[in-house]
Amino acid sequence: MLSQLGEKIWADWIWFPEGHGWADLTDRDGQVFPKTKDLWATIPIALCFLVCRQIFERTVATPFASLLGVSDKQRFRAPPNPILESYFCSASKHPTQSSVESLSKQSGFSVRQVQRWFRRRRNQDRPSKLKKFREACWRFTFYLLAFFAGLAVLIDKPWLYDMKQMWDGFPKMPLLPSQYWYYMIELGFYISLIVSVATDVKRKDFKEQIIHHVATISLISFSWLVNYIRAGTLIMLVHDASDYLMESAKIFNYAGWRKTCNFIFTMFAAVFIVTRLVILPFWIIYTTWVYPLTLYPPFLGFYFFNGLMLVLQALHIFWAVLILRMVVKFLPGNDIVEDERSDKEETDSEDEAEGREQKENFKNGHVQNGHTLLNNNHSKAD
């Protein structure tokens, strides 16, 4: 039964134009074609990326952060309180005023102390600046290398300059070694992102990022299976063209290099709009959606591939809006671009005053003029 179901799902007429099928992708005359089993190689590659990332962040990104003066602010931990913790985990991280007053009565804290407890508790869950810096360094390194690797793979290919040639001889287009490694490395990297998503920095567009990663993995895998490899390499190159600029802007943002950050972010915005909102829809998607209809009648695989492309394009429009909002913010002369997707850390004057007091006490060793401070035994209620 399963074999019959598999035959129906993978029927030639579903995934290939009329007159073509899986038999066209059989190796012959020294020519090699993509195969389903090749995708298994991405699993160990993804695991290698996860290991390399840990090594990179510890041996490269962390010393680089120290060199640029990136450090974490002192955070005040919320004191243990089962009542407030239960509400924080099960009800809401942002209680309403009426809830704050009710919690104040239950916990014995004042309203102000309850508000401060939730503020500090939320800050505990936010990623540190050093963590965000290390993640940006890792992604910058990969995207930069991937972009230039993609250029090396495509620079001498005619379909880079005349995209209609990506359909020349389809689907009987032999696989090149450079295409194989470009695909496996890109797919392995995106699989590693899915695996590490639980520990990575979570931003406001977390759901959109997950959709993007899943759509990208599906698109790369499907284009491999049905030999849309020429189109796939162009799509990956266009995506990598702007990503490394965004990550480098983040690096300088965390380091406090404001003018450098703003300049790089402006470059990123320009490249993103040109590649994702011009080249991708009007050149690449046109060549995968409109032009093939002049060569073949439409088939299910055609709709599936272009459906994934439209999902990515919708996400690009969503992110373009966020990017333009950030650009507009610093055009009048704001100090620095801030990521619209980031969850900003909350501070207050009392926390800062307490931090200064603790630093002063540490410097003085709790001794003034040779006498122990008399108020050491008195602690704040929170």
Side-chain angles (χ1 to χ4, degrees), residues 3-42 149-150 152-188 190 214-239 279-281 283-313:
S3 61
Q4 293 178 349
L5 181 61
E7 290 177 1
K8 292 181 179 179
I9 292 176
W10 298 106
D12 291 345
W13 65 270
I14 295 179
W15 306 110
F16 293 93
E18 186 178 353
H20 297 283
W22 298 106
D24 294 327
L25 302 183
T26 303
D27 296 347
R28 57 185 176 276
D29 301 328
Q31 295 181 331
V32 178
F33 296 87
K35 300 175 183 63
T36 304
K37 64 180 181 179
D38 295 336
L39 296 178
W40 288 109
T42 60
V153 170
L154 289 167
I155 195 69
D156 60 342
K157 305 301 186 294
W159 53 89
L160 176 63
Y161 310 98
D162 181 9
M163 293 188 182
K164 292 181 179 179
Q165 292 198 34
M166 71 171 69
W167 295 101
D168 187 21
F170 175 81
K172 302 176 182 179
M173 300 177 294
L175 176 66
L176 303 176
S178 58
Q179 293 173 328
Y180 173 86
W181 286 110
Y182 188 31
Y183 253 77
M184 295 300 108
I185 290 173
E186 285 274 357
L187 185 54
Y190 279 103
V214 173
T216 301
I217 291 172
S218 301
L219 188 66
I220 295 175
S221 301
F222 177 73
S223 64
W224 177 268
L225 293 177
V226 297
N227 207 11
Y228 287 5
I229 290 179
R230 293 181 181 179
T233 52
L234 291 173
I235 294 167
M236 291 188 293
L237 180 67
V238 165
H239 279 73
I279 294 177
L280 185 64
W283 290 0
I284 297 180
I285 293 182
Y286 174 85
T287 311
T288 62
W289 182 276
V290 179
Y291 177 69
L293 296 178
T294 65
L295 304 175
Y296 312 104
F299 51 100
L300 184 60
F302 165 84
Y303 291 117
F304 181 76
F305 179 83
N306 285 287
L308 292 173
M309 291 290 292
L310 293 179
V311 170
L312 291 180
Q313 190 57 42

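Nothing here was measured: the structure is a model prediction, and the numbers come from that model. We number each residue from 1, following the sequence as shown.
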**Study point:** Partner residues of His239 under the ring-ring contact (aromatic ring centres under 6.0 Å, His included) criterion, sequence neighbours left out
**Key:** His316

**Study point:** Results of side chain to side chain contact (heavy atoms under 4.5 Å, CB included) for Ala215 - residues two or more places apart only
**Key:** Val311, Leu312

Check your understanding: Listed by chain and number, what are the side chain to side chain contact (heavy atoms under 4.5 Å, CB included) partners of Ile155, not counting sequence neighbours?
Key -> Tyr161

Practice item. Tell me, please, which residues at least two apart from Asp12 pass side-chain hydrogen bond (donor to acceptor under 3.5 Å, both in side chains). Key: none

Exercise for review: Could you tell me which residues satisfy ring-ring contact (aromatic ring centres under 6.0 Å, His included) with Phe305, sequence neighbours excluded, listed by chain and number?
Suggested key: Tyr228

Check your understanding: Quick one: side chain to side chain contact (heavy atoms under 4.5 Å, CB included) partners of Ala41, sequence neighbours excluded?
Key -> Tyr180, Met184

Practice item. Mind listing the closest non-hydrogen atom pair of Ile9 and Ile14 along with its distance? Key: O-CD1, 3.6 Å

Study note, to complete from the structure: Those residues at least two apart in sequence (or on a different chain) that pass side chain to side chain contact (heavy atoms under 4.5 Å, CB included) with Leu310 are Trp289

Check your understanding: Is there a side-chain contact between Pro171 and Val226, using heavy atoms and a 4.5 Å cut-off?
Key -> no

Exercise for review: Drop me the distance from Phe299's CZ to Trp13's CH2, to the nearest 0.5 angstrom.
Suggested key: 12.0 Å

Practice item. Take the angle between the ring planes of Trp22 and Trp10 and call it parallel below 30°, perpendicular above 60°, tilted in between. Key: perpendicular

Revision key, fill the gap. In terms of heavy-atom contacts, Ala231 and Met166 come closest through CB-SD, 3.5 Å

Review point. With sequence neighbours excluded, what pairs up with Trp159 under the ring-ring contact (aromatic ring centres under 6.0 Å, His included) test?
Key: none

Review point. Do any pairs count as a side chain to side chain donor-acceptor pair (under 3.5 Å) and have a residue in residues 28-41, sequence neighbours left out, and if so which ones?
Key: Asp27-Lys35

Practice item. Hey, could you give me the CE/CG distance between Met173 and Leu25, rounded to the nearest 0.5 Å? Key: 9.0 Å

**Study point:** Qualifying side chain to side chain donor-acceptor pair (under 3.5 Å) pairs, either residue in residues 217-227, two or more places apart
**Key:** Tyr183-Ser223

Exercise for review: Report the distance from atom CZ of Arg230 to atom NZ of Lys157, rounding to the nearest 0.5 Å.
Suggested key: 10.0 Å

**Study point:** Min side-chain heavy-atom separation Phe302-Pro17 under 4.5 Å
**Key:** no

Review point. What is the distance from atom CG of Leu280 to atom CG of Leu234, rounded to the nearest 0.5 Å?
Key: 10.0 Å

Check your understanding: How long is the span from the CD atom in Glu186 to the OG1 atom in Thr42, to the nearest 0.5 Å?
Key -> 12.5 Å

**Study point:** Qualifying residues under ring-ring contact (aromatic ring centres under 6.0 Å, His included), relative to Phe304, sequence neighbours excluded
**Key:** Phe222

Practice item. Give a yes or no answer on whether the side chain of Trp167 reaches the backbone of Thr287 with a donor-acceptor pair at less than 3.5 Å. Key: yes

Exercise for review: Could you grab the distance from atom CG of Leu176 to atom CD1 of Ile229, nearest 0.5 Å is fine?
Suggested key: 8.5 Å

Review point. Is there side-chain contact between Met236 and Ile220, with heavy atoms separated by less than 4.5 Å?
Key: yes

**Study point:** Selection residues 291-308 - residue pairs positive for side chain to side chain donor-acceptor pair (under 3.5 Å), sequence neighbours left out
**Key:** Thr288-Asn306

